[in-house]
Amino acid sequence: MTPRLLITLDSMRHENTGLHTFGRSLGRELVRQGAGAFGMSAYTYPPQRGVLGEQASYVPHHRYHRWYFPRGGEFDIVHFADQYCRFGPARVRARTVMTVHDLNQVHEHPAGSRKLARYLRRMARKIAGVDRVVAISEFVKADILRWFPEADGKISVIHNGADASRAPDGHQPRFKPPGRFLFTVGMVCPKKNFHVLVPLLRGTGYTLVVAGVVKEGYRQKILDEAARFGVAGQVAITGPVSQYDKDWYYAHCEAFLFPSLAEGFGLPALEAMHHGRPVFLSRLTSLPEVGGEAACYFDHFDPDHMREVFTAGMARFADGDGAQRARAHAARFTWERAARAYLDLYRQCLAA
């Protein structure tokens, strides 16, 4: 009998987030490779129904699933594709796998705070309740074992892939910068640290294009910094953009910059490298693991230091084989490889 697999994709509500890209790209590759070996189902909000194509069936999200999931006995294996699913392992009678994308809260909340203690209790229950834990980077694995040593023996690392998608010829984004521009993408919130990029615009003709779901309070911080440094007309916060618009920005930007304070992986860095663009990252959390020697790094966020790193990095990229190096590095991370590793893990769980 064909084993039945449910993958939870209820965190895919917002485009241009890592969880959306992860769910769509991994899920489609799982269906492609696993068709026939597994009966594929996806747990989604109604607007995402069909995201994995017609070879998968769909289980619609309902609010009451937080307390009661009536279909918990229908599947042989359930893959919680992130740590945020609306129902947890206690709601299903199956072998279980959970992908943990980050433990950013341990880096963001003060030690000893109630928020951190509550978060750690919730994560401890989830980790204890699943058969296998997958970390998306060695950095995340180390974080998990530091805070939850009981995960040792059931944790492994499967790196994400990175899409090498392209916008169609002639495509024009909804917002087209007036000239040369720098690009960044992600949830526009304090963790992404986008406001530190503003001083790089001084004395240049660059526009900084910031794409992604916007937290309004942080938007204002970016705009306040732009006014303070005299570059108010050089910052464009677009809000969410389509996949084709994002691909256009990657392909046409002078450089991609990602000064994030906390990342479990950092997919946008590899997406930009697929387009052969110079990439500048913070040296924090998982980003050096993902960017490798193909990226340039900000050791801290002093404007003078960042300008030195940016100027030197752009010159080195232009003088050498920077584009080729970037593409070759990104090509090491594929969804095909990731899906193959997950399918092997599902089989191991079923055989245990």
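- Atom CG of residue Asp163 and atom CG of residue Leu267 lie 8.0 Å apart, to the nearest 0.5 angstrom.
- Neither side chain, Asn193 nor Ser260, offers a donor N or O lying under 3.5 Å from an acceptor on the other.
- Residue Arg166 places its CZ atom among more than 12 non-hydrogen atoms of other residues, nucleotides or ligands, all under 6.0 Å distant.
- Within the 4.5 Å cutoff, the side chain of Tyr64 has heavy atoms near those of the Pro70 side chain.
- Of the possible polar contacts, one joining the Lys154 side chain to the Val130 backbone as a donor-acceptor pair under 3.5 Å is found.
- Rounded to the nearest 0.5 angstrom, Ile136 CD1 and Leu26 CG are separated by 11.0 Å.
- Minimum heavy-atom separation, Pro89 to Lys126: CG-O, 4.1 Å.
- Note: Tyr342 and Tyr346 have tilted aromatic rings, judged against thresholds of 30 and 60 degrees for the angle between ring planes.
- No donor-acceptor distance shorter than 3.5 angstrom exists from the side chain of Glu29 to the backbone of Ala338, with no hydrogens or angles considered.
- Hydrophobic cluster membership differs between Phe317 and Val309, with clusters built from Ile, Leu, Val, Met, Phe, Trp and Tyr side chains linked at under 4.5 angstrom.
- When atom types are taken as modelled, the side chain of Arg95 and the backbone of Ala352 share a donor-acceptor pair closer than 3.5 angstrom.
- Counting only heavy atoms from C-beta outward, the side chains of Ile222 and Ile237 approach each other to under 4.5 Å.
- Val157 and Val290 sit in two unconnected hydrophobic clusters of ILVMFWY residues. Membership requires side-chain heavy atoms under 4.5 Å apart, directly or through other members.
- Between the CZ atom of Arg132 and the CZ atom of Phe80 there is a distance of 16.0 Å, given to the nearest 0.5 Å.
- Residue-environment remark: NZ (Lys191) exceeds the threshold of 12 foreign heavy atoms within 6.0 Å.
- Using a 4.5 Å heavy-atom cutoff, the side chains of His305 and Asp299 are in contact.
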Give the C-alpha distance, both sets of side-chain angles, the deciding distance and a yes or no for ring-ring contact (aromatic ring centres under 6.0 Å, His included) between Phe256 and Phe280.
-> CA-CA 6 Å; Phe256 178 78; Phe280 295 82; 9.9 Å; no

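- Contact annotation: the side chain of His274 never approaches that of Arg327 to less than 4.5 Å [non-hydrogen atoms, C-beta and beyond].
- A salt bridge links Arg347 with Asp344; the closest basic N to acidic carboxylate O contact falls under 4.0 Å.
- In the model, Asp247 has a side-chain atom that pairs as donor or acceptor with a side-chain atom of Ser165 under 3.5 Å.
- Atom-to-atom distance recorded for Leu30:CG and Leu52:CG is 8.5 Å, nearest 0.5 angstrom.
- Atom NZ of Lys115 has 12 or fewer heavy atoms from other residues, nucleotides or ligands within 6.0 Å.
- No donor-acceptor distance shorter than 3.5 angstrom exists from the side chain of Ser156 to the backbone of Val134, with no hydrogens or angles considered.
- Gln234 is not listed as a side-chain neighbour of Val198, based on a closest heavy-atom distance of 4.5 Å or more.
- With values rounded to the nearest 0.5 angstrom, Trp335 atom CH2 is found 14.0 Å from Arg340 atom CZ.
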Give the intermediate values and the outcome of ring-ring contact (aromatic ring centres under 6.0 Å, His included) for residues Phe265 and His101.
-> CA-CA 7 Å; Phe265 192 73; His101 293 259; 9.3 Å; no

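- Taking the side chain as every heavy atom from C-beta outward, Val51 and Met12 approach each other to under 4.5 Å.
- Taking the six-membered ring for Trp and the full ring otherwise, His329 and Phe333 have centroids separated by under 6.0 Å.
- The minimum heavy-atom distance linking Arg174 with Pro240 is given by the pair NH2-O, 3.1 Å.
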Mind running ring-ring contact (aromatic ring centres under 6.0 Å, His included) on Tyr218 and His195 for me, showing each step along the way?
-> CA-CA 9 Å; Tyr218 189 62; His195 70 281; 5.8 Å; yes

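- A salt bridge links Lys192 with Glu263: the distance from a Lys NZ or Arg NE/NH1/NH2 to an Asp or Glu carboxylate oxygen falls below 4.0 Å.
- Across all non-hydrogen atoms, the minimal contact from Phe183 to Cys253 is CB-CB, 3.8 Å.
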Would Arg325 and Glu293 count as a salt bridge (charged side-chain N to carboxylate O under 4.0 Å, His left out) if you check the C-alpha gap in whole Å, the side-chain angles of each, and the deciding distance to 0.1 Å?
-> CA-CA 9 Å; Arg325 252 193 348 267; Glu293 295 182 1; over 6 Å; no

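- For Tyr244, the OH atom counts as loosely surrounded, since its 6.0 Å shell holds 12 or fewer non-hydrogen atoms of other residues, nucleotides or ligands.
- Annotation: Gln172, atom CD; neighbour count of heavy atoms from other residues, nucleotides and ligands within 6.0 Å is above 12.
- Within a 6.0 Å sphere centred on CD of Gln324, heavy atoms belonging to other residues, nucleotides or ligands number 12 at most.
- Side-chain N/O atoms of His159 and Glu138 include no donor and acceptor closer than 3.5 Å.
- Just one residue in the list His79, His65, Arg86 forms a side chain to side chain donor-acceptor pair (under 3.5 Å) with Tyr43, and that residue is His65.
- Looking at Thr8, its side chain does come within 3.5 Å of a backbone N or O of Ala81 through a donor-acceptor pair.
- When all heavy atoms of Leu197 and Met306 are compared, the closest pair comes out as CD2-CE, 4.0 Å.
- In summary, the side chains of His61 and Thr44 do not present any donor paired with an acceptor at a separation below 3.5 Å, with no hydrogens or angles considered.
- Distance check: Asp76 CG to Cys349 SG gives 12.0 Å after rounding to the nearest 0.5 Å.
- Counting only heavy atoms from C-beta outward, the side chains of Ser41 and Tyr58 never approach each other to under 4.5 Å.
- The shortest heavy-atom contact between Ala151 and Ile144 is CB-CG2, 4.0 Å.
- Contact check for Gln48 versus Asp10: no side-chain heavy atoms found under the 4.5 Å cut-off.
- Residues Ile7 and Tyr45 are members of separate hydrophobic clusters, defined by side-chain heavy-atom contacts under 4.5 angstrom among Ile, Leu, Val, Met, Phe, Trp and Tyr.
- By the neighbour-count criterion of 12 heavy atoms within 6.0 Å, atom CD of Gln55 is sparsely surrounded, having that number or fewer from other residues, nucleotides or ligands.
- Side-chain N/O atoms of Asp102 and His107 include no donor and acceptor closer than 3.5 Å.
- Under a 3.5 Å cut-off, the side chain of Thr21 and the backbone N or O of Gly18 do not form any donor-acceptor pair.
- Listed for the Ser113 side chain is a donor-acceptor partner under 3.5 Å among the backbone atoms of Pro110.
- One hydrophobic cluster, built from ILVMFWY side chains closer than 4.5 Å, cannot hold both Met187 and Leu19; they sit in different ones.
- Judged purely by distance below 3.5 Å, without hydrogens or angles, the side chains of Tyr206 and Glu254 never pair a donor atom with an acceptor atom.
- Contact between Ala255 and Phe310 at its shortest, heavy atoms only, is CB-CE1, 4.0 Å.
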Intermediate values then yes/no, side chain to side chain donor-acceptor pair (under 3.5 Å), Thr99 and Asp82 | CA-CA 5 Å; Thr99 299; Asp82 55 69; over 6 Å; no

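- Classification of the Trp248-His252 ring pair by plane angle, with boundaries at 30° and 60°, yields parallel.
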